[in-house]
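Note that the numbering runs from 1 along the sequence shown for the chain.
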Amino acid sequence: MKEVILTTLIIQIILVLLIIGILFFVLKQIQASKLEKRFEAFSLQSNKDVEISFFDQLSLSIWKKIHKLSKIFSHSAVLCDYAQKYDRYIPYEEREKKENMDYISIKFALGILFILLNIISLVFSAHVNTMTCLLSFLIGFFLPDIALAIKFKKKRKQIEEDLLKAIIIMNNSFKSGRNIMQAIQIVKTELEGPIADEFGKIYLDITYGLSLEVVFNRFYERVKLEDAKYIASSLTLLNKTGGNIVSVFESIEKSFFDKKKLQNEMNSLTAASVFVFRVLVALPLIFTLVIFILNPTYFNPLFQSGIGIFITLIILFLYINYIVVIKKAMKVKM
C-alpha cells in the first residue's frame with residue numbers, strides 16, 4: 001500500500017512538473033515570437049511571404065478560447081468586480097488585446113486542467129478522491145496569482161529604481177519650456193521597461209481628460225509605491241494652493257535623489273544580514289529534502305495520523321511566522 005501511495009505521489013509530481021515545464025516553454029516561445037515581430041519592421045523580408053509559426057497559431061488559438069470564455073464570465077457581476085484587480089497586470093501596448101476577465105478565464109482553465117491531471121494520475125491507483133480534486137483545482141486556480149504576484153513585485157522594484165530617471169527627465173522638460181503632456185511622452189519614449197508602460201498609461205489617462213492629480217493617484221493605485229504617493233500628494237497640494245510646477249518637481253527630484261542615496265547605503269549595511277536570513281530560511285527546506293532523499297518513509301508518520309498532520313500544520317505555521325517576523329524586523333522604513 002505504501003509503495004502504491006509513493007508511486008502515485010511520484011507520478012503526480014512528474015505530471016505537475018511536466019505541465020509547468022510545457023507552460024514555461026510555450027511562454028518562452030510566445031515571447032520569442034513577440035520579439036521577432038518587433039524586428040520585422042527592420043527586416044528586408046516581406047511579411048506576405050512569411051507563414052505563421054506553429055507557436056503563433058497555438059497562441060492565437062488559446063487566446064481565442066480564453067476570450068470566448070471571458071465573454072461568458074462577463075455576465076457575472078461578482079466575477080466582473082473580482083476581475084478589476086487584474087487591470088494593473090495588463091501592459092499598455094496590450095490594452096486592446098487583453099482584458100481583466102481574461103485572467104479569470106485563465107485561472108478557471110488551469111484549475112480544470114489540474115483536476116484532469118489529478119484524475120489521470122489517480123487512475124493508476126484506481127481511487128479518485130473528491131478532496132484531492134478540489135485541492136488540485138485550488139492549486140491551478142491560484143497558481144496564476146502567485147506567478148502574477150512575483151512578476152508584479154519584480155515590476156514594482158524596476159519602477160522604483162527608474163522613477164528617479166523619469167522625474168529628472170520631466171523636470172528637464174519643464175525647464176526647457178515643454179508642457180506636461182510632452183514631458184510624459186518624452187519619458188515614455190526615452191525609458192524602457194515597466195516605467196515606460198506606466199507612463200504610457202498616464203499619457204492615455206491625460207488624453208481622456210483626467211486631471212494631473214487624478215492621473216498620478218491612479219498611478220499610485222496601480223504600483224502601490226510610496227514614491228508615487230508622494231508625487232500624487234505634491235500635485236494635489238499644487239492644485240489646491242497653486243505654485244510653480246518646475247519648483248515642485250525640483251523638490252521631488254531632490255527628495256528622491258536623497259532617498260535613493262540613503263537606500264543604497266542601507267543596502268550595503270544590511271547585505272550581510274539579508275544573506276544570513278536567506279540561508280537560515282533555506283536550511284530547513286534543504287535538510288528536509290536531504291532526509292527525504294535518503295529515507296523516503298521517514299516523514300510518513302506525520303501524514304498517517306491526525307496528530308501527525310496537526311504537528312505538521314504547527315511546524316508550517318511557526319516556519320511561516322518566523323519568516324514574516326524576521327523580515328519585518330529587518331525592514332527599514334525611510
Side-chain angles (χ1 to χ4, degrees), residues 9-10 12-14 16-17 20-21 23-24 27-28 85 88-89 135 138-139 142-167 191-195 198 220 222-231 254-303 307-334:
L9 180 63
I10 292 172
Q12 289 176 339
I13 293 172
I14 291 172
V16 169
L17 291 175
I20 291 173
L23 287 173
F24 274 111
L27 289 173
K28 284 286 185 183
K85 71 175 187 176
R88 61 184 180 181
Y89 298 121
L135 182 62
L138 291 176
I139 291 172
F142 289 106
L143 188 63
D145 288 330
I146 297 171
L148 288 172
I150 294 170
K151 185 178 179 181
F152 181 70
K153 187 176 180 181
K154 185 179 178 181
K155 176 183 175 180
R156 272 186 59 190
K157 187 175 180 181
Q158 189 64 43
I159 291 173
E160 190 175 11
E161 291 177 356
D162 293 340
L163 195 55
L164 176 60
K165 297 178 184 177
I167 295 299
L191 297 181
E192 295 180 351
I195 192 69
E198 288 299 328
Y220 166 69
R222 286 195 301 269
V223 298
K224 294 296 182 181
L225 286 173
E226 290 298 323
D227 293 343
K229 188 176 182 180
Y230 180 71
I231 296 172
K254 185 178 183 304
S255 175
F256 281 12
F257 183 79
D258 293 339
K259 183 179 178 180
K260 193 171 184 63
K261 184 179 178 181
L262 183 60
Q263 182 69 49
N264 291 334
E265 291 178 1
M266 290 299 301
N267 290 339
S268 299
L269 293 173
T270 59
S273 302
V274 171
F275 177 75
V276 172
F277 166 72
R278 290 176 179 174
V279 170
L280 291 176
V281 168
L283 278 177
L285 300 176
I286 294 171
F287 284 144
T288 303
L289 181 63
V290 170
I291 292 171
F292 180 77
I293 292 172
L294 295 176
N295 187 3
T297 61
Y298 184 82
F299 295 106
N300 284 351
L302 293 175
F303 302 100
I307 297 174
I309 294 172
F310 180 71
I311 292 172
T312 305
L313 292 176
I314 290 176
I315 292 171
L316 290 174
F317 176 76
L318 293 174
Y319 179 70
I320 293 171
N321 273 289
Y322 159 75
I323 295 174
V324 172
V325 170
I326 298 299
K327 201 167 186 180
K328 283 186 176 181
M330 292 179 61
K331 190 175 182 180
V332 180
K333 290 186 178 181
M334 294 182 294

Margin query: Applying salt bridge (charged side-chain N to carboxylate O under 4.0 Å, His left out) to E198 and K155, what does each step give before you reach the verdict?
Written below: CA-CA 10 Å; E198 288 299 328; K155 176 183 175 180; 3.1 Å; yes

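- A heavy-atom distance below 4.5 Å is not found between the side chains of F257 and I167.
- Here I146 contributes atom CD1 and I139 contributes atom CD1; the two are 9.0 Å apart, rounded to the nearest 0.5 Å.
- A donor-acceptor pair under 3.5 Å links the side-chain atoms of R156 to the main chain of V223, judged by distance alone.
- For the pair K254 and F256, the NZ or CZ position fails the cation-pi test of under 6.0 Å to the six-membered ring centre and within 45 degrees of the ring normal.
- How far NZ of K259 is from CG of L164: 11.0 Å, rounded to the nearest 0.5 Å.
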Next item on the list: Evaluate side-chain contact (heavy atoms from CB on, under 4.5 Å) for F299 paired with T288, printing each intermediate quantity in order.
Entry: CA-CA 9 Å; F299 295 106; T288 303; 3.8 Å; yes

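- The CG atom of L294 sits 9.5 Å away from the CG atom of L289 when rounded to the nearest 0.5 Å.
- For the atom pair CD (E226) and CD1 (I231), the distance works out to 12.0 Å, reported to the nearest 0.5 Å.
- Crowding of K224 atom NZ: a count of heavy atoms from other residues, nucleotides or ligands under 6.0 Å exceeding 12.
- The neighbour count for E161 CD, taken as heavy atoms of other residues, nucleotides or ligands under 6.0 Å away, is above 12.
- Taking CG from L163 and NZ from K260, the interatomic distance works out to 9.5 Å, rounded to the nearest 0.5 Å.
- Counting all heavy atoms, side chain and backbone alike, D162 lies closest to L191 at O-CD1, 4.2 Å.
- Summarising the local packing, NZ of K229 is surrounded by 12 or fewer heavy atoms from other residues, nucleotides or ligands at distances under 6.0 Å.
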Margin query: Go through it in stages, so that I can follow the logic: the residues are K261 and D258, the test is salt bridge (charged side-chain N to carboxylate O under 4.0 Å, His left out), and I'd like the CA-CA distance, side-chain angles, deciding distance and then a yes or no.
Written below: CA-CA 5 Å; K261 184 179 178 181; D258 293 339; over 6 Å; no

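- Checked against F310 for a side chain to side chain contact (heavy atoms under 4.5 Å, CB included), the options I307, I314, L313 give a single hit: I314.
- A 6.0 Å sphere centred on OH of Y319 holds more than 12 heavy atoms belonging to other residues, nucleotides or ligands.
- One distance of note links CD1 of I311 with CG of L316; it measures 12.0 Å at 0.5 Å rounding.
- Taking the six-membered ring for Trp and thresholds of 30 and 60 degrees, F277 and Y322 have ring planes inclined between 30 and 60 degrees apart.
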Margin query: Set out, in order, the CA-CA distance, both residues' side-chain angles and the distance that settles side-chain contact (heavy atoms from CB on, under 4.5 Å) for I195 and Q158, then state yes or no.
Written below: CA-CA 8 Å; I195 192 69; Q158 189 64 43; over 6 Å; no

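- Closest approach of I159 to P194, counting heavy atoms only: CG1-CB, 3.6 Å.
- Counting heavy atoms from C-beta outward, D227 and Y220 have side chains that stay 4.5 Å or more apart.
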